[in-house]
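Supplied in structure tokens, the structure appears directly below.
Numbered from 1 within each chain, the chains take letters A, B, ... in sequence-line order.
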Amino acid sequence: MSAPLRKKPPRVGDTPAVRRTLLGFVLIVGAFLILAPLLVILYQAFSLGVGVFADTIAHPDTRHAIWLTVLTALIAVPLNTAFGVAAAWAITKFDFWGRRFLIVVIEIPFSVSPIVAGVAYLFVYGLQGVFGPALDAAGIKVMFALPGIVLASMFVTAPFVARELIPLMQAQGRDLEEAATSLGASGWRTFFSVTLPNIRWALLYGVVLCNARVMGEFGAVSVVSGNIRGQTNTLPLHIELLYHDYQTVGAFAAASILTVLAIVTIIAKVLLERQGAGRAGRPALASPAPAAQGKTP
Amino acid sequence: MRRRVLPGLTLSLGITLFYVGLIVVLPLGALVFKAASLGPEDYWRIVSSARAVASYRVTVLSALAATAFNLVFGMALAWVLVRYRFPGRRLIDAIVDLPFALPTAVAGIALTTLFAQNGWFGSVLAEAGIKVAYTPLGIMVAMSFTSLPFIVRTVQPVLEDLDPALEEAAQTLGGSDGAIFMRVILPLLTPALLAGVSLSFARSLGEFGAIIFIAGNQPMETEITALLTFIRLEEYDYQAAAAIASVLLITAFVMLAITNLMQARALRYTEKTRA
Amino acid sequence: MKIRLDNVVKTFDTFRAVHGVSLDIASGELVALLGPSGSGKTTILRMVAGLEYADGGHIYFGEQDATDIPVRDRGVGFVFQHYALFPHMTVGENIAFGMKVSKVKRSKQQMEARVAELLRLVKLDNLGGRFPSQISGGQRQRVALARALAVDPKVLLLDEPFGALDANVRRDLRRWLREIHEELGITTLFVTHDQEEALDLADRVVILNEGKIVQEGTPEAVCRNPNSAFVMNFLGDANRLGATVANGKAEIGGASLEAAGFGDGAASVYLRPRDLDWSATEPGIAATVTRVIDKPDGRRILARTAGGEQVELDVPPETVARAGDQGFVRIHRARVFAESASN
């Protein structure tokens, strides 16, 4: 009875040669392309010692850039979240004409270059834009100021929250909300006590990704901010400034802050995925319909 | 239309339309308006100028090369993550998202430092006579990095959900590994691959932050279209900026349309009725 | 092709799915592996196919030891429970797949002719150009069979071939599969948890429980002579009544049955509802009707014996009975099993 255990028959690609080749290829290229940039940032940031690093971080311009970046996120992320929830609610809980088109429009910022976004904003709020002259006459500054930076950040991140929520809420259907309403709950009550608990991880997931993008956005913000040192310089723009001033260590010190943000974002993402957010909660993109597998009559 | 049971349509749809209108549609509309106000002759002169055309060429060719590389590497990465068990798999799975999480400017200076003549990779490559930084090769590297996760993340879930019985069926019918991969697995991954490729390509076409550091930005040689738009703005040539930006915008929309068509074609076998 | 399993063992992690199963299947035989879920029947089928490796024992195809032959070289035709049709290929392309990837090169015309022949065999002549998502479940099942037959398998293996289908489609397909088997004469092994399906279709039924063969034989043999309470129960509805054996007779409150060979003591008596009758008068087991269920072909009486045990009887439609009636259960046929053999 105690015959030697033979493993499962090999699946496609399980032959040792294929396995070793693929693993080797992926690990080596991955190390060069993903890991090395991470290491070089930390190496450069501390290349002149912790003192220089600390000085750069403590410099008023850097501190202002950090503050501006955080402020932008504090405004843009909540607004975007509110929009994402509203859009997901409208799109998944109701049928109306143009619903699919609306989803396409929400996703547009994903395929548009951030530079195009920045330029487009200039033609709305800039002096040569649609509203620019009127705003200027009223003394309101949008371009080359905080509002412009916030608006541009909101453009590039518009789909982040909505696209996490829409597939999830679509899959969850309307039954729970309809049951709550039939029991007499108000709309807000239904949302907060029935819908929100079911989507909270996906919502947080979208918020985390949105925040990372807002804090890291470079192209769009670079067009609308005017790069005024100590005034409209966000952290990514400040990195460029330092880098082009040949203050490499300073640039990498500032970059290391955003790198930490990226790592925190990835950790948060992994933790939220364990709660079922993200990929796991989303139907696989363009996977063959299950009907094709013959599981439905 | 179905009777509405749930409350909040007016409010939620109102917020949605207002936000989309203000944040997405209005600016893009203003851009198109500005570009259209140029008149066909001026528009054509700007978008077909030698410097613009050179920028399209370097952008599109680099994006194609970067996407081709990502197709192979992303597919291999997705395969390894889904099909093999090895120590560190989960760490790699997490770190794949780094290019999305890392701000592009940070990626830009990091890649430039690595590939510069005195950098870790640059110095080794220089001995072999290969220059990456400040050449189109550098643009490719930056594009590959920033769009790396797209193909992995679109292929991975489909590969995970692939019914093992399909492979087993192919095995009982005598298929070799190669035949099963080419005839069964790859066709089933095609829609996801197409989606990933188009996202990756679109991102590469529009990428700015990571590229400008490493590209060298020589007009006619290593100047990408997004940068040319930016330069025209800094020269206060707003009409030229609008025209060139509109080319990028139209390209993005055409890409979206082509992707949707190709996906529908690749998925036609799932249609219920006879084609 | 003759198949022989010699003391085959399979363990998953710590769970032993198959405990030393030995089985001989004659060339051209149609055999059913019947058992509840978890009985190891599908694992046995997959081991014969080479989709699982046996941890111990041997599997012979004819005189050849096939235990270590990889799936793709084993020459088996396998029909999967959910068919596993390639969704991106048409019906015709699905059927042709095995020929296309085969080491034996065939011309395009040969393949087309073979596909047409198989489509005719499975009565899907006009559907060769459809995709699997565009045909019905029963049609998919037939495509799966045609695809498996296309490579001229030595053995045909079917995993719950009718499990995913509606009852009426299932009955038609069963008869049709039997016809195909008679026409082609391929050694066939199929897995099912449905005893009716096994008895309807198979030359021989192998009943499994907890990874072991509990009984095997022709449908007639297993039906007429179930060797255990498990088989008795699994093959159809059965009432169980407690009995006391004394001097070769089993006594159940008011009735006495032949129980030669049983030691004195407690035993279980198993009775099919059809083998019981209802009577207002003695002899029989005293019982009270709790409910009567009417069916097209008769009535089912649910009754409680004086001893407090539940009994179900299938009686002719003209039988008079109503809830609350008192009467007697008459036994035409019964099987006695030692107490330990029951639950």
Separation between OG of A:Ser111 and CG of B:Leu256, rounded to the nearest 0.5 Å: 4.0 Å
Contacting moiety of A:Val40, where chain B heavy atoms sit under 4.5 Å: both
Shortest non-hydrogen separation from A:Ile266 to B:Asp97 and the atoms involved: CD1-C, 4.0 Å
Compare every heavy atom of A:Phe252 with every heavy atom of B:Thr113, then report the nearest pair and how far apart it is. OG1-CZ, 3.0 Å
Counting distance only, does the side-chain N/O of B:Asp177 pair as donor-acceptor with the main-chain N or O of A:Gly13 below 3.5 Å? yes
What part of B:Phe18 is in contact with chain A, defined as an atom under 4.5 angstrom from a non-hydrogen atom: side chain, backbone, both or neither? neither
Side chain, backbone, both or neither of A:Leu27 within contact of chain B (heavy atoms, under 4.5 Å): side chain
Might you work through the ring-ring contact (aromatic ring centres under 6.0 Å, His included) test for B:Phe33 and A:Phe123, ending with a clear yes or no? CA-CA 9 Å; B:Phe33 177 75; A:Phe123 294 134; 9.9 Å; no
Interface residue of largest heavy-atom contact number with chain B, from A:Ala158, A:Ala86, A:Ala82, A:Ser113, under 4.5 Å: A:Ala86
A:Val12 backbone acceptor or donor facing B:Arg83 side chain under 3.5 Å: yes
Against chain A, label B:Leu227 side chain, backbone, both or neither, depending on which of its atoms sit under 4.5 Å from a heavy atom there. neither
Residue part contacting chain B, namely of A:Leu39, when any heavy atom lies under 4.5 Å: both
Which bit of B:Glu234 comes within less than 4.5 Å of chain A, counting heavy atoms only: side chain, backbone, both or neither? neither
Distance-minimising heavy-atom pair for B:Glu167 and A:Arg11: OE2-NH2, 3.3 Å
Could you tell me whether the side chain of B:Phe145 reaches within less than 4.5 Å of the side chain of A:Pro37, counting heavy atoms only? yes
About how many Å separate CZ of A:Arg174 and CG of B:Leu6, when rounded to the nearest 0.5 Å? 7.5 Å
Tell me, do A:His244 and B:Phe213 make a side-chain contact under 4.5 Å, heavy atoms counted? yes
State, to 0.1 Å, how close B:Ala30 and A:Val124 come at their nearest heavy-atom pair, and which atoms those are. CB-CG2, 3.5 Å
Who among B:Ala76, B:Gly88, B:Ala110 has the most heavy-atom pairs with chain A under 4.5 Å? B:Ala110
Before you tell me yes or no, could you show the steps for A:Ile34 and B:Leu148 under side chain to side chain contact (heavy atoms under 4.5 Å, CB included), namely the whole-Å CA-CA distance, both residues' side-chain angles and the distance that decides it to 0.1 Å? CA-CA 9 Å; A:Ile34 308 179; B:Leu148 183 78; 3.3 Å; yes
Atom group of A:Tyr125 that falls short of 4.5 Å from chain B, counting heavy atoms: side chain
If you look at every heavy atom in B:Trp120 and A:Ala36, which pair is closest and at what distance? CZ3-O, 4.2 Å
Contacting moiety of A:Phe32, where chain B heavy atoms sit under 4.5 Å: both
Would you mind checking which part of B:Ala242 comes under 4.5 Å of any heavy atom in chain A, side chain (CB onward), backbone (N, CA, C, O), both or neither? both
Which of the residues B:Glu168, B:Arg90, B:Arg203, B:Met255 is involved in the greatest number of heavy-atom pairs with chain A at under 4.5 angstrom? B:Arg90
Among B:Phe86, B:Phe253, B:Phe208, B:Tyr84, the residue with the most heavy-atom pairs under 4.5 Å to chain A is B:Tyr84
Rounded to the nearest 0.5 Å, the CD1 atom of A:Ile263 sits from the CG atom of B:Leu98 at a distance of 7.0 Å
Rounded to the nearest 0.5 Å, what separation is found between the CD1 atom of A:Ile41 and the CG atom of B:Leu114? 8.5 Å
What pair of heavy atoms forms the shortest contact from A:Phe96 to B:Leu9, and how long is it? CD2-CD1, 4.2 Å
Close side-chain approach of A:Phe131 and B:Leu26, heavy atoms under 4.5 Å: yes
With heavy-atom distances below 4.5 Å as the criterion, would you say the side chains of B:Thr16 and A:Trp89 are in contact? no
If you round to the nearest 0.5 Å, how far is CD1 of A:Ile115 from CG of B:Leu233? 8.0 Å
Aromatic plane relationship, B:Tyr19 with A:Phe83 - under 30° parallel, 30 to 60° tilted, over 60° perpendicular: parallel
Contact leader toward chain A among B:Thr190, B:Asn260, B:Leu31, where contacts are heavy-atom pairs under 4.5 Å: B:Leu31
Heavy-atom distances under 4.5 Å only: say whether A:Leu258 touches chain B with side chain, backbone, both or neither. both
Chain A: which of B:Ile15, B:Leu102, B:Ile244 shares the most heavy-atom pairs with it under 4.5 Å? B:Leu102
State whether the side chain of A:Glu240 and the backbone N or O of B:Ile109 hold a donor-acceptor pair below 3.5 Å, judged by distance alone. no
Side chains of B:Phe69 and A:Val29: does their closest heavy-atom pair fall under 4.5 Å? yes
Mind checking the CG-CG spacing from B:Leu13 to A:Leu102? Nearest 0.5 Å is all I need. 7.0 Å
Start with the C-alpha gap between A:Ile106 and B:Val24, add the side-chain angles, then the distance that decides, and say whether side chain to side chain contact (heavy atoms under 4.5 Å, CB included) holds. CA-CA 8 Å; A:Ile106 292 174; B:Val24 179; over 6 Å; no
Looking at A:Ile108, A:Val112, A:Val130, which one has more heavy-atom pairs under 4.5 Å with chain B than the rest? A:Ile108
Which one wins on heavy-atom pair count under 4.5 Å against chain A: B:Ala101, B:Gly206, B:Ser12? B:Ser12
What do the steps show when you test B:Thr112 against A:Tyr243 for side chain to side chain contact (heavy atoms under 4.5 Å, CB included), and what is the final call? CA-CA 11 Å; B:Thr112 311; A:Tyr243 189 78; 3.4 Å; yes
Start with the C-alpha gap between B:Leu28 and A:Phe155, add the side-chain angles, then the distance that decides, and say whether side chain to side chain contact (heavy atoms under 4.5 Å, CB included) holds. CA-CA 10 Å; B:Leu28 295 181; A:Phe155 178 95; 4.1 Å; yes
